[in-house]
Visitor: 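The structure is given below, and queries will be raised subsequently.
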Amino acid sequence: MAAFLQFSLTPNPLASPTKSLQPPSNRLSVNPVSAFKQEPIWRRVTSFQHCVPRAVLSTPEPKTQNIQHCFTKSEDGFLLCEGVKVEEVMKVAEQSPFYLYSKPQITRNVEAYKEALEKLNSNIGYAIKANNNLKILEHLRKLGCGAVLVSGNELKLALHAGFDPTRCVFNGNGKILEDLVLAAKAGVFVNIDSEFDLENIVAAARIAGKKVHPYVATGNKNSKFGIRNEKLQWFLDAVKAHRKELKLVGVHCHLGSTITKVRKLVISRNLNLIIEPGRSIIANTCCFVNHVIGVKTNGTKNFIVIDGSMAELIRPSLYGAHQHIELVSPPPPDAETSTFDVVGPVCESADFLGKDRELPTPTKGAGLVVHDAGAYCMSMASTYNLKMRPPEYWIDDDGSVSKIRHAETFDNHLRFFEGL
Ligand SMILES: Cc1ncc(COP(=O)(O)O)c(C=O)c1O
């Protein structure tokens with residue numbers, strides 16, 4: 001996560017949560033079973049658990065002592081999302097695999113940030129790259145979040161989702177002129193990442209006929225992001241030399257989580273703090289739901305082959321991310337527990353979702369989920385092997401299940417060639 005310290009004060013328009021309306025046609029009928037005793041899944045080791053939002057600011061003590069998590073286990077061994085059996089959702093989902101989110105968990109994560117930021121001039125700038133589902137963005141906007149963008153299309157989507165441009169920040173080390181013009185016209189804040197970026201931002205301001213409000217972006221040695229402290233004065237002077245096009249409003253600290261006394265700093269200098277959380281808002285709100293195609297053994301290795309793959313969820317293959325995997329229903333009593341690699345059907349040996357996982361041997365067709373799948377999973381999905389991007393669903397506060405993104409289809413793919 002990165003943080004901004006903005007030196008011009010802006011009001012804090014954090015709005016109260018608004019219930020989003022779902023068209024009834026998107027709703028699926030599933031019975032909630034919240035009466036079961038539930039054990040929170042978040043207790044288990046997963047790759048995102050270090051990202052509890054509350055850790056952002058050390059003081060004051062959080063008021064909420066009981067952290068509630070959407071994924072729990074019923075006493076009889078079924079995986080539940082907000083009290084709804086994931087197995088039941090699998091029966092009504094139009095296809096497999098799919099992503100399943102908890103809308104209340106998204107709300108809870110944002111509320112935890114708001115609590116941590118209480119009494120500070122601040123803006124929760126949700127990093128759209130983590131997950132760009134339009135319904136999720138609209139929900140986050142209604143909860144009072146701003147948005148952090150890294151491309152022109154993310155900017156267009158943020159505006160489409162209704163984000164206030166003055167609560168949006170355009171980041172990136174390779175922003176193209178066309179996107180910067182769009183940003184200047186929309187009036188979003190822009191980061192200055194390098195000398196050439198500064199040139200492009202000034203050019204964009206001239207083309208758009210609007211003054212740009214930039215941050216000077218600091219970065220670590222050898223990082224492709226931002227500028228080093230030694231060069232800061234040069235950039236401050238360069239910005240001053242372009243008074244007509246630019247009005248400097250702050251500093252952007254890439255990986256600002258190294259600043260530990262944020263609250264004190266912000267209050268003592270009367271600053272406006274913009275934080276840029278992505279995964280801590282959305283990762284733990286979702287699981288990727290699959291069917292088991294079969295189980296096989298080659299040499300000494302056991303494999304569970306599922307219908308989901310690196311095409312839909314690439315983090316394990318791409319950078320060895322560990323995401324907790326489990327079955328959605330209790331296995332048959334005689335199921336032997338073994339060590340498995342959980343792999344997809346894609347023709348690529350890097351196609352795995354988990355390695356060396358202790359799991360009960362699943363039956364053909366059993367449900368299997370990959371947890372912490374809300375961030376950098378669907379937003380990084382591809383159509384490799386023509387596995388089209390999967391549908392997404394969420395469970396609402398009342399336990400109802402709605403589709404929040406259609407599955408891509410083969411016809412969608414053929415459309416790229418129409419008329420050629
Ligand atoms: C500048 C910047 N802002 C925000 C983010 C979002 O980070 P995270 O999803 O880890 O919260 C990143 C992560 O790469 C980043 O580089």
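FYI, side chains are in, hydrogens and waters are out, and symmetry mates aren't considered; it's all heavy atoms of this structure.
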Visitor: Under a 3.5 Å distance rule, please check whether N133 uses its side chain to pair with a backbone N or O of K135 as donor and acceptor.
Guide: yes
Visitor: Is any side-chain heavy atom of V266 closer than 4.5 Å to one of N121?
Guide: no
Visitor: Out of the candidates N290, V370, I304, V369, only one should pair with L353 under the side chain to side chain contact (heavy atoms under 4.5 Å, CB included) rule; please name it.
Guide: V370
Visitor: Classify the angle between the aromatic ring planes of F98 and Y393 as parallel (below 30°), tilted (30 to 60°) or perpendicular (above 60°).
Guide: perpendicular
Visitor: Taking all non-hydrogen atoms of both residues into account, name the closest pair between Y126 and G278 and its distance.
Guide: CE1-O, 3.9 Å
Visitor: Please check if any side-chain donor atom of Y113 sits under 3.5 Å from a side-chain acceptor atom of S122, or the reverse.
Guide: no
Visitor: Does I281 form a side chain to side chain contact (heavy atoms under 4.5 Å, CB included) with V110? I'd like the steps, not just the answer.
Guide: CA-CA 6 Å; I281 294 280; V110 173; 3.9 Å; yes
Visitor: Please confirm whether the backbone N or O of V343 pairs with a side-chain atom of D341, one donor and one acceptor, at under 3.5 Å?
Guide: no
Visitor: Tell me, do T285 and W394 make a side-chain contact under 4.5 Å, heavy atoms counted?
Guide: no
Visitor: Check whether any side-chain heavy atom of Y99 sits under 4.5 Å from a side-chain heavy atom of L313, and report yes or no.
Guide: yes
Visitor: Please test I325 against F340 for side chain to side chain contact (heavy atoms under 4.5 Å, CB included), starting from the C-alpha separation and ending with a verdict.
Guide: CA-CA 11 Å; I325 290 177; F340 293 97; over 6 Å; no
Visitor: Measure from the side-chain N and O atoms of D193 to the backbone N and O of G226, and report whether any donor-acceptor pair falls under 3.5 Å.
Guide: yes
Visitor: Where the side chain of R357 meets the backbone of E326, is there a donor-acceptor pair that is under 3.5 Å apart?
Guide: no
Visitor: Could you go through the side-chain hydrogen bond (donor to acceptor under 3.5 Å, both in side chains) check for S379 and N131 one step at a time?
Guide: CA-CA 5 Å; S379 64; N131 188 309; over 6 Å; no
Visitor: Are any non-hydrogen side-chain atoms of Y215 and I274 less than 4.5 angstrom apart?
Guide: yes
Visitor: Give me the atom names and distance for the closest heavy-atom approach of L149 to E154.
Guide: CA-OE1, 3.5 Å
Visitor: Is a side-chain N or O of E82 found less than 3.5 angstrom from the main chain of I395, in a donor-acceptor match?
Guide: no
Visitor: For R389, what residues pass the side-chain contact (heavy atoms from CB on, under 4.5 Å) criterion, not counting sequence neighbours?
Guide: M378, A381, T383, R405, E408
Visitor: Any side-chain heavy atom of N191 within less than 4.5 Å of one from D197?
Guide: no
Visitor: Are N284 and F71 close enough that some pair of their side-chain heavy atoms sits under 4.5 Å apart?
Guide: no
Visitor: Does any part of the side chain of L143, heavy atoms only, come nearer than 4.5 Å to the side chain of I124, both counted from C-beta?
Guide: no
Visitor: Do M388 and T409 have side chains that get closer than 4.5 Å, going by heavy atoms?
Guide: no
Visitor: Using modelled atom types and a 3.5 Å cut-off, is there a donor and acceptor pairing between side-chain atoms of D307 and backbone atoms of H291?
Guide: yes
Visitor: At their closest point, which heavy atom of F163 faces which heavy atom of C168, and how far apart are they?
Guide: CB-SG, 3.8 Å
Visitor: Table please: side-chain donor-acceptor pairs of residues 329-339 below 3.5 Å, with sequence neighbours left out.
Guide:
| from | atom 1 | to | atom 2 | distance (Å) |
| --- | --- | --- | --- | --- |
| S329 | OG | E87 | OE2 | 2.7 |
| T339 | OG1 | E358 | OE2 | 2.6 |

Visitor: If you compare all heavy atoms of F352 against all heavy atoms of P316, which two are closest, and at what distance to 0.1 Å?
Guide: CZ-O, 3.3 Å
Visitor: For Q105 and H69, work out which heavy atoms get closest and say how close.
Guide: OE1-CA, 3.3 Å
Visitor: L248 and P214: which non-hydrogen atoms are nearest, and at how many Å?
Guide: CD1-O, 3.4 Å
Visitor: With a 3.5 Å distance limit and no angle check, can you tell me whether S400 reaches the backbone of D396 through a side-chain donor-acceptor pair?
Guide: no
Visitor: Where the side chain of Q323 meets the backbone of H371, is there a donor-acceptor pair that is under 3.5 Å apart?
Guide: yes
Visitor: When you measure from the side chain of S309 to the backbone N and O of P345, does any donor-acceptor pair fall under 3.5 Å?
Guide: no
Visitor: State whether the side chain of T107 and the backbone N or O of K103 hold a donor-acceptor pair below 3.5 Å, judged by distance alone.
Guide: yes
Visitor: For V328 and V89, what are the C-alpha separation, side-chain angles and deciding distance, and is it a side chain to side chain contact (heavy atoms under 4.5 Å, CB included)?
Guide: CA-CA 11 Å; V328 305; V89 183; over 6 Å; no
Visitor: Please step through side chain to side chain contact (heavy atoms under 4.5 Å, CB included) for the pair K185 and V181, ending with a clear verdict.
Guide: CA-CA 6 Å; K185 283 184 179 159; V181 173; 3.9 Å; yes
